2 protein chains.
Amino acid sequence: MNDTDDLAPTGRRGATRLKILEAAYDLFSAHGVTLVGVDTISARSGVAKMTLYHHFRAKENLVLAYLDLRAKRWTVGWLKAGVKARGKTPRERLLAIFDLFHDWFEADGFEGCPFLRIICESDVGSPVHKATAQKLGQIQNYVGQLARSALVSDPQGLASAWMMLMEGAIMSARSGQTDAALKAKKAAAVLLDAWGNKGAKKAAKAVRKPAAKRKPTR
Amino acid sequence: MNDTDDLAPTGRRGATRLKILEAAYDLFSAHGVTLVGVDTISARSGVAKMTLYHHFRAKENLVLAYLDLRAKRWTVGWLKAGVKARGKTPRERLLAIFDLFHDWFEADGFEGCPFLRIICESDVGSPVHKATAQKLGQIQNYVGQLARSALVSDPQGLASAWMMLMEGAIMSARSGQTDAALKAKKAAAVLLDAWGNKGAKKAAKAVRKPAAKRKPTR
DNA sequence: GTAATAATAGACCGACCTGTATAAAGTCGC
DNA sequence: GCGACTTTATACAGGTCGGTCTATTATTAC
């Protein structure tokens with residue numbers, strides 16, 4: 001009855017709700033939210049359509065719940081966790097994003113990024129569009145935090161550019177360029193260098209700490 | 001009867017075909033190709049549905065014709081022409097892309113890039129997906145030509161990164177960041193600088209000509 | 001003017017979509 | 001075991017979609 005329920009599978013209701021969401025997760029992630037119908041989710045989950053509409057009053061609510069779950073699993077569980085595992089310093093972690101992307105792009109069944117797909121498909125201003133933009137914003141904030149930890153000048157600016165490289169790499173990969181992540185990483189390294197250098201010049205305050213062994217700028 | 005007809009409006013047939021394509025151009029550009037139905041195009045163009053199907057045997061053929069027209073008008077007529085008008089040197093022209101994008105993003109009625117939207121929506125491997133990827137490839141080739149004219153080292157690599165910034169900027173703008181083009185331009189300038197510097201070091205052969213007044217690296 | 005070609009309106013098909021109604025069956029706490 | 005809650009199957013409503021059929025009406029060339 002409550003669409004914003006935490007997915008604690010307490011009791012029969014919670015378990016059913018989870019089954020629906022689980023099926024929706026796979027189908028939406030693979031084929032997009034507009035192409036996948038409610039009947040398909042009902043069939044895949046083994047839950048009757050009426051029950052589905054008893055848990056989510058409209059398909060849109062199911063999509064919004066999917067977006068939350070996707071952010072929890074992909075952004076947090078995969079991206080953030082993978083970055084943390086692969087890189088030690090903030091700079092390594094920033095670059096590690098593209099290593100993760102490379103694995104992602106080469107995995108079979110790569111279908112692009114659902115967030116970007118929804119951003120393209122949905123009407124600007126609609127609840128789904130807004131929610132998706134917010135999920136993308138969370139990712140950009142995360143990149144911004146890494147950039148700030150890396151003590152670059154203008155972390156927000158770097159995060160914006162970084163995000164565009166990430167999004168562009170995803171689109172390029174979806175267009176067939178499977179090596180997009182590698183090329184994006186090279187470009188990103190250049191940006192990181194430039195932002196870092198600028199910081200060393202303009203924002204000398206950032207050097208009050210030894211700054212963890214920073215390369216002396218060429 | 002022939003879907004690949006040049007759009008020379010000779011005679012009644014040609015004029016009718018053009019009316020259909022013109023309506024499809026507006027509608028597809030604004031709302032995407034999947035959301036716009038054949039009936040809507042028929043109504044908007046003032047051409048009966050049967051006539052439409054007499055000129056294009058299926059909606060897919062109309063979409064393919066649209067992609068050609070979009071490339072002709074947007075890529076050539078707007079992007080290339082605008083770049084040529086706004087920049088004199090190859091480097092200025094590369095950067096001018098993002099100035100054009102800025103105008104584009106701020107124009108009311110900005111609905112994102114149809115090419116990217118189709119790349120997201122269509123099945124990988126389908127004729128429409130292939131054709132769209134090819135149109136994007138043409139843009140990247142054009143960027144590569146500019147990069148080569150700018151005498152940077154590894155023009156292809158720069159073109160890839162440039163393209164990702166362009167695509168990422170479009171996606172960011174569609175997500176609501178209206179200043180995406182400005183931020184992308186800053187990042188692009190950094191990339192251009194780095195690629196140019198590298199070229200001066202690694203590929204000394206590129207300097208056999210006076211290289212049109214190249215800045216001495218930084 | 002006549003004949004060939006083009007375009008017309010509008011009904012129609014089958015498939016799919018979101019969402020609802022209904023009446024029966026299952027499951028659980030107590 | 002009883003009663004409240006959940007889930008089930010199935011049919012249905014009302015809509016859109018791509019695409020076809022038919023019969024009628026322009027337009028154009030000769």
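Just so we're clear, the structure is a prediction, and the values are computed from it rather than from any experiment. Order of the sequence lines fixes the chain letters, A, B, ..., with proteins taken first and strands second; residue numbering starts at 1 for each chain.
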Novice: State whether A:His55 places a side-chain N or O below 4.0 Å from either non-bridging phosphate oxygen (OP1 or OP2) of D:dT6.
Specialist: no
Novice: Indicate yes or no: does A:Asp103 engage A:Arg86 in a salt bridge with an N to O separation below 4.0 Å.
Specialist: yes
Novice: Keeping to residues at least two apart or across chains, list the ring pair (Phe, Tyr, Trp, His ring centres under 6.0 Å) pairs with something in residues 109-154 of chain A.
Specialist: A:Trp104-A:Phe110, A:Phe105-A:Phe110
Novice: Please report the shortest heavy-atom distance between B:Gly196 and B:Arg91, naming the atom on each side.
Specialist: CA-NH2, 3.8 Å
Novice: What integer distance in Å separates B:Ile20:CD1 from C:dA6:P?
Specialist: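 Taking CD1 of B:Ile20 and P of C:dA6, I get 13 Å after rounding.
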Novice: Please report the distance, rounded to the nearest Å, between NE2 in A:His54 and P in C:dA21.
Specialist: 13 Å
Novice: What are the two closest non-hydrogen atoms of B:Pro90 and B:Leu146, and how far apart are they?
Specialist: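 What the structure gives for the nearest pair is CB-O, 3.6 Å.
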Novice: Do you know the tightest heavy-atom contact between A:Ala159 and A:Val143?
Specialist: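 Answer, listing the atom of A:Ala159 first, then A:Val143: CA-CG1, 3.9 Å.
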Novice: For C:dA6, take OP1 and OP2 only and decide whether either is under 4.0 Å from a side-chain N or O of B:Thr51.
Specialist: no
Novice: B:Val33 and side chain to side chain contact (heavy atoms under 4.5 Å, CB included): which single residue from B:Val128, B:Ile118, B:Leu67 fits?
Specialist: B:Ile118
Novice: Does the protein touch nucleotides 11-24 of chain D at the base, only the backbone, or not at all? Give it as B, S and - per nucleotide, heavy atoms under 4.0 Å.
Specialist: ------SSBBBB--
